[in-house]
Amino acid sequence: MRWSTSFIPTLRDDPADAEAVSHKLLVRAGFARQLMSGVYSLLPLGLRVSDKIEAIIRDEMNRIGGQQFRLPCLHPKEVWERSGRWEKMGGEMFQFEDRRGSEVGLGMTHEEIFTHLVAELGSYKQLPQIWYQFQSKFRDEPRPKSGLLRVREFTMKDSYSMDIDPEGLDLAFDAHFKAYRRIFSRLGFEIVAVEASSGSMGGDQSVEFMLRTDAGEDRVAACGACGYAANVEKATSSIEPAEDGVGLTSPEKFATPGVRTIADLSNFKEGGVPADRQIKTLVYVVDGKTVLVLLRGDHVLAEQKLIDNVEAKELRPAHEQEIQSALGARPGSLGAVGAEGLFVIADEALRGRRDMVTGANEDGFHLRGVEIHRDIEVGGWLDLREVSVGEGCPTCGESLDVYKCLEVGHIFKLGTFYSEAMGAQVLNSNGKSVPIVMGSYGIGVDRNLAAVVESNHDESGIVWPVNVAPFEVVITVVKPKDVKCLEASERIYEALQEDGIDVLLDDRDERPGVKFKDADLIGIPFRVTVGPKGLENGVVEFKSRRDGETRDLELVRASVTIRESVLDQRR
RNA sequence: CGGGGCAUAGCGCAGUUUGGUAGCGCAUCUGCUUUGGGAGCAGAGGGUCGCAGGUUCAAAUCCUGCUGCCCCGACCA
């Protein structure tokens, strides 16, 4: 492609509303433009990268026997009602009426629609199957952010596996696991595969593929010693057992004027205790019922653990008014002692604790000498706390690290939830009708595109890995008006094109400095500079974007060397 | 949904406090000079000042309402 006739709108300044590095660079370098909040247009350069990422994914999906489909974005309400997710997705799904008044929605994922086709399978002899597609997904995110990292319309590769039994699902899951590892390796990512919460997907096991970056929104707890890694939504850890005193024969109320927080109470002079000697009382509304959630004062609730453990349609923190009427006190003085009629869930870390301090359900008062098992009627013990840095690894006991990650892929074992809901059954070898066992596997194409930029850039711009670069080589014609200069450039350009190299010829009538800056900004891995200076000696300059390494190539064999360098880095 | 900020030319911004009919840099177009890391000079084009009301002789500027976008939090496959 010739730069002079291409649409590559580079900008000198960062866009004012961009925060994430990938957002700034993708806009500045002319890969993407925003249309509205969380919705982006891909420009020619952006699409070229997207196409390459898709090609890698397609290659690996085909390798494990995947068959490519294309399903609609526009879905009827009925199909989503059969799985119960029309309601469950709530505001996150774009839902509206067509002109006849039929309710329709934009697909945020395609379990229901694929399962609709899966129902056509009739015999175990047709299994296993792996089906996939690249398709737009629509999710009305509460807060789109960080450019292409969190958007409302995006392209996803989603695949689905169909098997006769759980053992078959294990095989398909494992095949995807390995395919994903290869995909991310070809994208140049060092990823961590972590145990994750399945969230609204249902199912019993899920693995997230995490890329360590501060631009991410998830946090992962990982052990450097044994390799344990899990999303903090699911991660567990071991902590030092607490040593409690004998305590009192019964809880004793004491005045704590002005104390509203755990920190207040630990600094409180008359009767304050450290946070790990306090019981934190949170109030939740679970399907309309008020529930108390207890944690050690210095621990943080991992809300997803609560959601995963209690089967509920709706779960949310209670409003202050609801708290007031349920317990008779405001947050700051809440406690579970004597909280009759309210279900109490306690975190495991509180098990067996004595001589604790908690709110008295009376503003400005707390109780001391509280012994959990004696004084509080706990309805359920659960692991609810979020792990933090330095706590013990649950498998080997070494110290855990916690860091920010971006979710670049997620694979789920769905089981029979959708096949049962949609009536997707086959006859097994005994002639009995059984639901198909399914898995679901996703990779966000645009998110991965942005993720590559997050982990491959420097102060001059993007540094694309050869595998996904929009062009592998840019030929910078220093002086396009000089006939020798242009002719030499054209020769290399044509030779590389014939060899199947993606090459961009910068034949613009611009000053060399502008061309160098632009080439660095858009991040082409290799640059060939053809100028009068070099041509006098029969050479062109060959430069690597990543390490800046430069060497002169004899004009006559330049294209051969360049091709070898490119092919060497393709994977 | 709660809190904060912003909205003026394709991009980045000033002008708003104290109302007087819109400006700077980059980009674009023309000419000349220049040409190996975002050139210089001269000239030119381009704006319903987010939208709708209101106040006023006069509104980018003051008042009211609305919309959009960004950030923090909540939320989130």
Side-chain angles (χ1 to χ4, degrees), chain A residues 7 9-20 23-24 27-30 33-39 85 88-93 107-111 137 139-147 149-152 154 156 158 196-203 206-209 216-218 231 233-234 301 303-304 307-308 314-317 319-320 407-414 440-444 447 460-461 476-482 485 506 508-521 527-536 539-541 543 548 550 552:
Chain A
F7 184 62
T10 58
L11 303 173
R12 198 167 289 208
D13 302 308
D14 282 337
D17 54 8
E19 198 76 14
H23 187 194
K24 288 179 183 170
V27 172
R28 261 192 73 198
R33 287 291 185 268
Q34 182 172 23
L35 178 64
M36 59 177 180
S37 179
V39 180
R85 293 208 295 181
K88 190 174 179 183
M89 289 310 187
E92 208 182 325
M93 185 170 185
M108 37 198 308
T109 174
H110 282 75
E111 278 76 18
K137 310 293 180 193
R139 299 180 187 181
D140 197 359
E141 295 285 347
R143 183 147 101 82
K145 57 192 268 199
S146 306
L149 289 175
R150 184 165 206 77
V151 291
R152 298 195 294 169
F154 59 97
M156 179 187 246
D158 48 324
S197 162
S198 300
S200 68
M201 294 295 298
S206 93
V207 170
E208 283 173 332
F209 293 83
E217 299 178 282
D218 284 289
N231 195 310
E233 291 176 348
K234 190 140 184 161
L301 172 69
E303 195 173 76
Q304 192 65 43
I307 293 169
D308 289 346
E314 193 208 2
L315 186 151
R316 59 168 174 84
H319 305 134
E320 182 152 347
E407 179 190 341
V408 290
H410 201 161
I411 60 181
F412 301 87
K413 288 186 182 175
L414 296 176
S440 141
Y441 316 86
I443 291 184
R447 175 179 284 189
S460 303
T476 302
V477 190
V478 172
K479 205 169 177 182
K481 284 177 177 165
D482 179 273
C485 207
D506 191 353
R508 293 176 297 168
D509 182 20
E510 287 287 353
R511 297 168 64 83
V514 173
K515 298 186 177 193
F516 295 146
K517 289 285 186 193
D518 272 346
D520 287 349
L521 179 61
R527 189 183 82 202
V528 183
T529 310
V530 182
K533 241 192 240 176
L535 288 180
E536 272 177 29
V539 298
V540 295
E541 183 194 89
K543 184 169 186 181
T550 303
D552 285 340

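Chain identifiers are assigned alphabetically (A, B, ...) following the order of the sequence lines, protein sequences preceding nucleic acid strands; residue numbering begins at 1 within each chain.
Comparing A:His110 and A:Arg28 along RNA chain B, the residue whose closest nucleotide (by nearest heavy atom) sits nearer the 5' end is A:Arg28. With the nearest nucleotide of RNA chain B identified for both A:Ala18 and A:Glu541, A:Glu541 has the one nearer the 5' end.
Here the closest heavy-atom approach between residue A:Lys543 and residue A:Gly548 is recorded as CE-O, 3.7 Å. Taking each heavy atom of A:Arg33 and A:Pro9 in turn, the nearest pair found is NH2-O, 2.9 Å.
Between A:Arg511 and B:A39 there is a side-chain polar atom (N or O) within less than 4.0 angstrom of OP1 or OP2. Proximity of A:Arg143 to the phosphate of B:C72: a side-chain N or O atom is located under 4.0 Å from OP1 or OP2. An OP1 or OP2 oxygen of B:C75 is reached within less than 4.0 angstrom by no side-chain nitrogen or oxygen of A:Gln304. One finds a side-chain N or O of A:Ser37 lying less than 4.0 angstrom from the OP1 or OP2 phosphate oxygen of B:C70.
Here B:G38 is the nucleotide among B:C69, B:G12, B:G38 with the atom lying nearest to any side-chain atom of A:Val514. Residue A:Glu407 places its side chain closer to B:A77 than to any other of B:G37, B:A77, B:G38. Taking only side-chain atoms of A:Leu11, from C-beta outward, the nucleotide of B:C70, B:C11, B:G38 with the closest atom is B:C11. Here the nucleotide nearest the side chain of A:Pro532, chosen from B:A77, B:G37, B:G36, is B:G36. Nearest to the side-chain atoms of A:Pro142 among the listed nucleotides B:G37, B:A74, B:G38 stands B:A74. Across B:G36, B:G12, B:A77, the shortest atom-to-atom separation from the side chain of A:Arg85 is found for B:A77.
For the pair A:Glu19 CD and B:C6 C1', the computed distance is 13 Å after rounding to whole Å. A:Arg508 places its CZ atom 19 Å from the P atom of B:U35, with the value rounded to the nearest Å. Atom-to-atom, CG of A:Asp140 to P of B:A74 comes out at 19 Å; the value is rounded to the nearest Å. At whole-Å resolution of the value, NZ in A:Lys517 and C1' in B:G36 are 13 Å apart. B:C70 atom P lies 12 Å from atom NZ of A:Lys145, rounded to whole Å. Distance A:Glu92 CD to B:A77 P: 6 Å, rounded to the nearest Å.
Judged by distance alone with a 3.5 Å cut-off, no donor-acceptor contact links the side chain of A:Arg12 to the base of B:A27. For A:Arg527 against B:G37, a side-chain-to-base donor-acceptor contact under 3.5 Å is present. For B:G36, its base never sits under 3.5 Å from the side chain of A:Lys543 at any donor and acceptor pair. In the interface, the side chain of A:Asp14 is not paired with the base of B:G12 through any donor and acceptor atom under 3.5 Å apart.
A distance of about 12 Å separates the C1' atoms of B:C24 and B:U8, rounded to the whole Å. Between the C1' atoms of B:G36 and B:G45, the separation comes to 33 Å (whole Å).
A side-chain N or O of A:Lys137 and one of A:His110 form a donor-acceptor pair less than 3.5 Å apart.
A side chain to side chain contact (heavy atoms under 4.5 Å, CB included) with A:Arg508 is found for one member of A:Val477, A:Asp518, A:Thr476 and no other, namely A:Asp518.
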